[in-house]
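Only a predicted model underlies this, so the values are computations on that prediction, with no experimental measurement involved. What you see below is based on every heavy atom in this structure, not just the backbone, and it leaves out hydrogens, waters and symmetry mates.
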Amino acid sequence: MMNPLDFTWIFGVGMVVAFIDAYGIGANDVANSFASSISSGSLSLIQAVIIACFTEFLGALLLGSGVTKTIKSGIIDIDLFAETPEMLMMGMMCALIGSSTWVLTATRFGWPVSTTHSIIGAICGFGIAGFGGSAVDWTWDGIIQIVVSWFLSPALAGIIAAIIYTITKYAVLRQVDSIKWGLRLVPVYFFFTITIAVFYICFKAPGASGVLPIEHIIAIAFGSGGAIGIYMAVFLCPWLKRVVVDREDVKWYHIPIIWWVPKQRTIEEGLEAARRELEEAQANHQIPKADDEEKVAGEPISEKLASVEGHSEPSSTAVNDESKSIQKPPKTFRERAFEIKERVLAVLLHGIRQDVRNLSNDKLSKMHQAAEMYDDDVEFMFSYLQILTAIVASFAHGSNDVSNAVGPLATIFDIWQKGTVGGESPVPVWVLVYGGIAIDVGLATMGYRLMRALGNNITRLTPSRGFSVELGAALTVLTASQLELPVSSTHCIVGATVGVGLCNGSLRAINWKMLGYTFLGWVCTLPVAGLISGLIYAFCAYGPSFVYLR
């Protein structure tokens with residue numbers, strides 16, 4: 001029987017590479033989840049990062065354990081490692097190395113790949129390297145079910161998103177009085193989205209599953225959705241009416257007190273008042289006019305000296321001597337501290353100070369023009385819905401894809417604790433927390449690379465389209481999480497985007513070249529990650545060793 005303490009180093013290395021793998025998940029998959037929100041303009045990059053720091057973490061913590069069990073023991077036959085559990089520890093470590101290597105490489109070059117494919121291929125790779133093809137469960141209960149889900153998930157997400165967008169298009173966007181219909185149906189959309197999200201959370205959250213009867217869960221979901229829907233009808237819709245119809249300059253923090261906010265000046269009146277203030281300031285010589293500035297700036301130094309002191313133009317030698325004698329005073333401690341702070345912030349915030357929307361890309365102009373555009377005021381209403389669906393989609397992603405990193409780590413930790421290969425055991429909460437933190441860090445530092453690659457690159461996105469994409473993808477991923485089926489959120493997001501893009505009625509509204517590159521990345525992910533993992537495992541298992549441990 002193995003002594004687990006002899007292999008503490010595997011647990012230590014596993015902790016490091018699991019963090020790196022989860023980091024890559026945040027930089028790749030989470031970026032896919034938020035690309036539609038940022039591309040449509042509903043969220044800025046920094047706002048998306050702040051939201052994800054909470055939603056991804058909570059999704060991993062509350063809904064992540066079920067899928068982790070499937071990744072842990074549903075791909076290869078772990079009974080083959082019953083007599084050598086330390087080899088399973090090493091295999092999972094190699095799987096994390098193979099998966100993280102491929103995901104980070106793809107992220108560096110802006111390739112949207114499936115981290116679910118990556119870890120599954122890596123696990124299959126070390127299983128085949130250790131025991132041949134028989135180590136992998138090729139039946140419907142194993143790899144086949146997962147492979148089928150890769151094709152079904154984008155198709156289902158595309159169908160769901162297309163249905164949602166088609167309903168929205170004919171019920172709101174194409175109506176003669178689209179603003180009126182938007183104000184009527186926005187609370188209904190909020191009710192629908194909140195009800196689904198709360199239902200899944202209550203049905204799966206630790207402490208609720210198996211404790212609350214299904215009828216109570218349904219009542220909580222509908223009650224929460226109804227409460228939010230009523231709140232939006234009472235407060236948000238009147239606020240939207242004053243902004244969109246009356247053009248009042250009310251602020252976002254006026255929403256909960258909108259009934260007590262007096263009538264504000266219109267946006268046009270505010271712009272006109274600002275223009276008049278500027279003209280008055282110029283008339284009172286508080287602001288120099290442009291021609292005066294040019295005259296002062298263009299006046300030679302010699303003329304200024306001559307006019308002020310009555311001296312002739314100094315020689316070039318005198319000017320050079322004078323410039324040498326004038327030295328800048330040494331920087332104060334406060335100035336140096338400010339420079340250091342700015343440099344540190346530039347490094348830390350580099351990942352969230354990027355433009356990822358691609359609206360000015362000339363190569364995409366024809367594809368963007370093929371998309372049918374609607375009233376900007378109505379699209380503005382859907383931006384608030386898209387913020388909500390972005391939260392739900394991020395929560396769904398955290399619940400599903402955290403398993404890709406913490407599943408192998410949970411196996412390593414379990415063997416390190418017990419010294420044996422056991423059945424399915426509960427995943428420790430700290431493992432889910434660990435993975436959730438790494439996902440957030442990855443999004444904040446490298447997520448912009450994937451958002452730039454996907455931002456408006458597949459089709460032209462607006463808030464109404466982005467709302468449909470995110471809700472369709474979230475429904476697909478959350479349902480798969482309930483079934484403990486590790487679908488790819490990348491596939492769901494891309495499938496939903498294509499489904500909504502096809503609703504334009506023109507094939508030119510889709511960037512098929514980008515889809516081709518994306519599909520090529522999907523095809524390469526599984527074999528490349530499996531090859532890396534298998535080669536490292538073979539090197540460790542079959543290479544010469546000075547110590548014989550068995």
Side-chain angles (χ1 to χ4, degrees), residues 33 51-52 54-71 74 149 153 156-157 160-161 163-164 167 185-237 256 384-403 406 410 424-433 435-436 467 470-487 489 492:
S33 300
I51 290 175
F54 294 96
T55 54
E56 292 286 332
F57 177 79
L58 292 176
L61 181 62
L62 297 178
L63 298 183
S65 59
V67 180
T68 302
K69 293 179 181 178
T70 301
I71 290 288
S149 73
S153 57
L156 290 176
I160 295 173
I163 292 174
I164 295 172
I167 294 173
L185 294 181
V186 161
V188 177
Y189 281 111
F190 271 100
F191 165 77
F192 179 71
T193 306
I194 290 294
T195 299
I196 293 173
V198 173
F199 174 80
Y200 279 115
I201 292 172
C202 292
F203 193 72
K204 192 64 177 179
S209 181
V211 177
L212 291 175
I214 186 64
E215 56 270 18
H216 290 181
I217 294 177
I218 294 175
I220 292 173
F222 275 88
S224 302
I228 296 297
I230 293 173
Y231 178 85
M232 295 304 170
V234 173
F235 295 101
L236 179 64
C237 288
Y384 291 89
L385 271 168
Q386 192 180 11
I387 294 174
L388 177 62
T389 52
I391 293 173
V392 176
S394 179
F395 191 90
H397 178 271
S399 71
N400 193 77
D401 280 22
V402 68
S403 63
V406 303
E424 292 185 353
S425 58
V427 178
V429 175
W430 71 265
V431 174
L432 296 173
V433 172
F467 157 74
E470 289 173 353
L471 186 58
L475 286 175
T476 306
V477 175
L478 281 170
T479 302
S481 182
Q482 293 299 311
L483 299 176
E484 298 188 1
L485 185 65
V487 301
S489 61
C492 292

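Partners of Leu388 under the side chain to side chain contact (heavy atoms under 4.5 Å, CB included) rule, at least two apart in sequence or in another chain, are Phe190, Thr193, Ile194.
Cys492 approaches Ser153 most closely through the heavy-atom pair SG-CB, 3.7 Å. Residue Gly226 comes nearest to Phe191 through the heavy atom pair N-CD1, 3.3 Å, listed as atom of the first residue, atom of the second, then distance.
The distance from the CD1 atom of Ile164 to the CD atom of Glu470 is 11.0 Å, given to the nearest 0.5 Å. The CG atom of Leu475 lies 6.0 Å from the CZ atom of Phe192; values are rounded to the nearest 0.5 Å.
Among Ile217, Ile218, Ile220, the single residue meeting the side chain to side chain contact (heavy atoms under 4.5 Å, CB included) criterion with Val198 is Ile220.
Note: Tyr189 and Phe467 have perpendicular aromatic rings, judged against thresholds of 30 and 60 degrees for the angle between ring planes.
A heavy-atom distance below 4.5 Å is not found between the side chains of Ile228 and Ser224.
At most 12 non-hydrogen atoms from other residues, nucleotides or ligands lie less than 6.0 angstrom from CZ of Phe222.
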